[in-house]
Structures are given as structure tokens and as C-alpha cells.
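Working notes, beginning with the structure itself.
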Amino acid sequence: MTTKRINTGWRGFSIAKETSYGTAAGLSTAFNFEGPITDVQPNEVQTNENETTGFNEPSIQEILNWKLDGSHQQRAMPHNLAYFLTLVMGKVTTDQPDNINDPTVYRHFIERDLTNTALPSVTMVEYDGIANKRYSGLFGKSVKISGSRGDFVKIETQFGGMGKEEPNADSKPTVVGESYLRYGDVNFTRGGSLSGTVAGGDLAVGGSSTTFKADLQSFDWTMDNQAQTFYEMGDSSGYVTRAERGDRFQQSLSAVLEMQDDSHKSGLVSGTEYVLHIPVTGAVIPGGTGSFNYSCDIIFPKVVYKEAKKDRDGEVVTVNAEFQVLEDTTYGSVIVKTINEQTGYLI
């Protein structure tokens with residue numbers, strides 16, 4: 001007997017959303033990944049241990065239904081950020097900022113879908129080094145984006161599925177040739193103002209903002225849609241029949257910064273509301289004018305300090321800043337803008 005290795009494994013996804021939940025869509029992109037291998041598990045299991053059966057211990061077991069809880073971890077690039085954020089947040093608006101001079105460049109504005117409670121679903125195929133398995137009805141649950149000095153920006157997403165696992169013979173799709181985003185690509189600004197609109201394609205952070213990129217040691221943002229799954233009456237398949245977001249989106253946002261002054265504590269005490277902007281700007285997109293970069297901008301229209309606690313990193317004075325993300329009446333709580341050469345997501 002020989003051991004089986006996953007080093008030849010791969011994970012492919014449909015970019016198109018499923019036409020109906022659990023109806024498999026064709027693969028169109030692959031992502032490298034770290035972390036656990038995907039696997040379905042029993043969700044509800046019952047025995048007859050509470051019945052009088054004439055036996056001392058349970059004599060039968062039944063699996064009522066199945067579930068899929070998985071995760072995807074890797075270094076971040078605009079493509080995987082846009083893909084998984086769209087799955088979790090639910091709404092994407094795509095345009096071309098200059099389709100004459102840079103026809104391969106596409107811009108994607110990702111927002112929370114507050115209109116539809118149903119989560120978009122896609123199809124994933126994973127080769128674990130032994131066999132291809134197809135997982136339909138895949139939906140996003142949460143996304144965590146983090147970065148720290150001397151490292152890459154990283155993404156970790158939690159996903160769910162209908163619990164169905166099928167043999168599959170598809171070949172590995174193409175891995176998009178975007179460079180991973182690095183700590184040197186990251187800025188972190190507080191203040192200024194937000195103008196323009198997603199619909200107009202001119203959303204921008206302007207005004208007088210303060211940059212903390214030289215002070216920033218690390219940042220961490222998590223978006224969670226509180227996904228819920230349903231096993232509907234009358235369906236005997238044992239699989240999830242629909243997935244919906246929860247009542248509210250939940251976010252956490254924090255940063256560790258070298259402390260230069262008391263502005264963090266002053267903002268906490270006074271309850272000052274800020275625009276907070278994390279632009280991550282990678283390499284120039286080739287083949288056109290050179291005016292556009294592979295990038296991801298995370299924009300929070302209104303935040304306040306939730307905590308601004310002093311700490312130390314050796315002898316360096318730092319501040320552990322935790323922000324409360326608030327709802328802005330015009331722009332909502334968060335908008336993510338990515339720029340790359342992908343024509344669309346969930347199309």
C-alpha cells in the first residue's frame with residue numbers, strides 16, 4: 001500500500017452562478033489553495049436508542065441529511081478577492097473604465113445585496129490527489145482579508161454547500177495569471193470624504209485623509225452574511241434545498257498601528273465618524289495605456305473607533321485599533337472595488 005498525496009490536487013469553480021440552486025454549472029476558473037480538503041458530512045443522524053426495542057443498545061442508525069462546511073485559504077489577488085466577496089456579499093456591478101484604450105480592463109464594485117435573501121450559488125470541483133469530486137450548490141458564508149508587514153495580503157473564506165458529492169471527470173480550468181498582492185501594495189487611510197456613485201462608475205475617496213501606511217503593522221477585516229440552510233419538507237434527497245443570508249450582515253475591522261500621537265484615542269472619545277479606505281494596488285495591467293493596476297479597494301463609508309488600546313511591540317508603542325463599521329445612508333457600510341481583466345462574476 002502507498003500513501004496518497006494532494007500535491008497534484010486542484011480546485012476549480014464556475015464563475016457563472018447556478019441557474020437554480022444545486023444545478024451544476026460549468027467550471028471556468030481554478031484557484032490554488034491551502035488548508036483542509038473538502039468533504040461532505042452527515043448533518044442529522046438518529047438512532048433508535050430512545051425507543052424500547054428489546055435490545056440494550058441502539059440497533060439501527062439513519063442519516064437524515066447531509067451538509068458541506070468548507071474553507072478556502074490562499075494569498076490574495078484581485079480575482080479571488082472579487083470572486084469570494086461576491087459570493088458572500090451577493091451583489092456585483094461590472095463596467096469598463098476605458099473600453100477604447102484599455103479594452104481588457106474591467107472594474108467590479110461589490111456590495112451587500114439587501115434586496116434578495118437567497119444566496120448565489122456556484123459549482124466547485126476538487127481533485128484531492130485521488131479522484132475528482134463535484135460539489136454543487138456552493139455558497140459563501142464569510143470572508144476574512146488580512147495583511148501584515150513583510151507578508152502577502154491573505155484571504156480566507158468559509159463556504160457551505162448542499163451536501164451532495166458526485167464523481168466528476170472535468171479537467172482543471174485555467175489559473176488566472178494575476179500576481180499576489182503584497183504588504184508593499186497596501187495603504188490605509190482615515191478621513192476624507194466619499195463622492196460619486198457605483199452606478200456612475202465614479203465612486204472615489206477624496207478630500208483630506210490621513211495615511212497610516214508607514215505606521216500600519218497589520219489589518220484584519222471579516223464580512224459574514226450569517227448564512228442559513230434549509231431542508232424543506234417533502235424533499236427526501238437529504239440535501240440542502242436552499243441557502244439564504246441571515247437577518248443582518250456582520251463585520252469586524254481592526255488594525256495594529258505604531259502610535260504617533262493621541263489621534264486614535266481622541267477619535268474614540270469624541271465618537272468621530274470617518275471614511276476608512278484600504279487601497280491595495282498591485283502591478284500595472286499590461287497591454288494597454290498602463291493607466292490601470294490590478295487592485296482592490298476596500299471602502300468603509302462610515303466607521304468610528306470601538307477601541308483604541310495602547311500596547312507595546314518590544315519597546316515600540318502601538319495602538320490596537322478596533323473599528324465599528326456603521327451604515328451610511330447613502331453608501332451603505334462597505335463597498336469593494338476590484339480592477340482586473342475578468343469580464344464578470346456570477347454572470
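The structure presented is a predicted model; accordingly, all values stated were derived computationally and were not measured. Counting from 1, the numbers follow the sequence of the chain as shown.
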Report yes if some heavy atom in the side chain of [X] is under 4.5 Å from a heavy atom in the side chain of [Y]; otherwise report no.
X	Y	value
Trp221	Leu253	yes
Asp98	Phe292	yes
Trp10	Asn132	yes
Val153	Ile145	yes
Asp39	Glu165	yes
Met124	Phe159	yes
Phe230	Glu244	yes
Val303	Leu326	no

I'd like to know whether Asn187 forms a side-chain contact (heavy atoms from CB on, under 4.5 Å) with Thr211, so could you lay out the CA-CA distance, the side-chain angles of the two residues, the decisive distance to 0.1 Å, and finally the verdict. CA-CA 7 Å; Asn187 197 353; Thr211 178; 2.6 Å; yes

Stepwise side chain to side chain donor-acceptor pair (under 3.5 Å) test for Glu307 and Asn320: CA-CA 7 Å; Glu307 184 177 285; Asn320 294 330; 5.8 Å; no

Linking I/L/V/M/F/W/Y whenever any side-chain heavy atoms sit under 4.5 Å apart, do [X] and [Y] land together?
X	Y	value
Val143	Met89	yes
Leu203	Val334	no
Val275	Leu216	no
Leu119	Tyr231	yes
Met162	Val45	yes

Sidechain N-carboxylate O distance under 4.0 Å for [X], [Y]:
X	Y	result
Asp224	Lys141	no
Lys133	Glu126	no
Arg112	Glu327	yes
Lys154	Glu34	no

Would you name the heavy atoms of [X] and [Y] that are closest together and state the gap between them?
X	Y	result
Ser148	Ser218	CB-CB, 3.9 Å
Ser121	Gly22	OG-N, 4.4 Å
Ala16	Val122	O-CG1, 3.9 Å
Ala24	Ser136	CB-OG, 3.6 Å

Show your working on side-chain contact (heavy atoms from CB on, under 4.5 Å) between Asn80 and Gln74 and close with a plain yes or no. CA-CA 9 Å; Asn80 60 22; Gln74 68 173 132; 3.1 Å; yes

Hey, could you give me the [atom1]/[atom2] distance between [X] and [Y], rounded to the nearest 0.5 Å?
X	Y	atom1	atom2	answer
Leu87	Lys17	CG	NZ	11.0 Å
Thr229	Leu68	OG1	CG	10.5 Å
Thr222	Glu156	OG1	CD	8.5 Å
Thr38	Tyr135	OG1	OH	5.5 Å
Leu181	Leu81	CG	CG	6.5 Å

[X] side chain vs [Y] backbone, donor-acceptor pair below 3.5 Å:
X	Y	result
Thr53	Phe55	yes
Asp328	Tyr331	yes
Thr123	Ala25	yes
Asn293	Ser295	no
Ser20	Thr23	no
Asn48	Pro58	no
Tyr180	Arg75	no

When you compare the side chains of [X] and [Y], does any donor N or O come within less than 3.5 Å of an acceptor on the partner?
X	Y	answer
Asp220	Ser252	no
Tyr83	His108	no
Glu341	Tyr294	yes
Thr318	Gln217	no
Ser263	Asp261	yes
Gln251	Ser333	yes
Gln46	Gln61	no
Ser142	Asn225	no
Gln158	Asp69	no

How would you list all residue pairs meeting salt bridge (charged side-chain N to carboxylate O under 4.0 Å, His left out) that involve residues 197-218, not counting sequence neighbours? none

Determine, for [Y] and [X], whether the Lys NZ or Arg CZ falls below 6.0 Å from the six-membered ring centre while staying within 45 degrees of the axis.
X	Y	value
Arg182	Phe152	no
Arg190	Tyr274	yes
Arg11	Phe33	yes

Worked verdict on Phe249 versus Leu114 for side-chain contact (heavy atoms from CB on, under 4.5 Å): CA-CA 9 Å; Phe249 287 89; Leu114 301 180; 3.9 Å; yes

Heavy-atom neighbours of Lys302 NZ exceed 12 at 6.0 Å: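 Enclosed.
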
Please check if atom CD in Glu62 has more than 12 non-hydrogen atoms from other residues, nucleotides or ligands closer than 6.0 Å. no

Listing request: all side chain to side chain donor-acceptor pair (under 3.5 Å) pairs with a residue in residues 275-289, at least two apart in sequence or in separate chains. Asp102-Thr289, His277-Asp297, Thr289-Ser291

Quick one: sort the Phe188 and Phe219 rings into parallel, tilted or perpendicular, breaks at 30° and 60°.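 Tilted.
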
Given Phe84, which of Tyr345, Phe139, Phe31 fulfils the ring pair (Phe, Tyr, Trp, His ring centres under 6.0 Å) condition? Phe31

Applying ring-ring contact (aromatic ring centres under 6.0 Å, His included) to Tyr305 and His264, what does each step give before you reach the verdict? CA-CA 8 Å; Tyr305 280 97; His264 302 288; 5.6 Å; yes

Worked verdict on Asp151 versus Tyr183 for side-chain contact (heavy atoms from CB on, under 4.5 Å): CA-CA 6 Å; Asp151 205 346; Tyr183 73 98; 5.6 Å; no

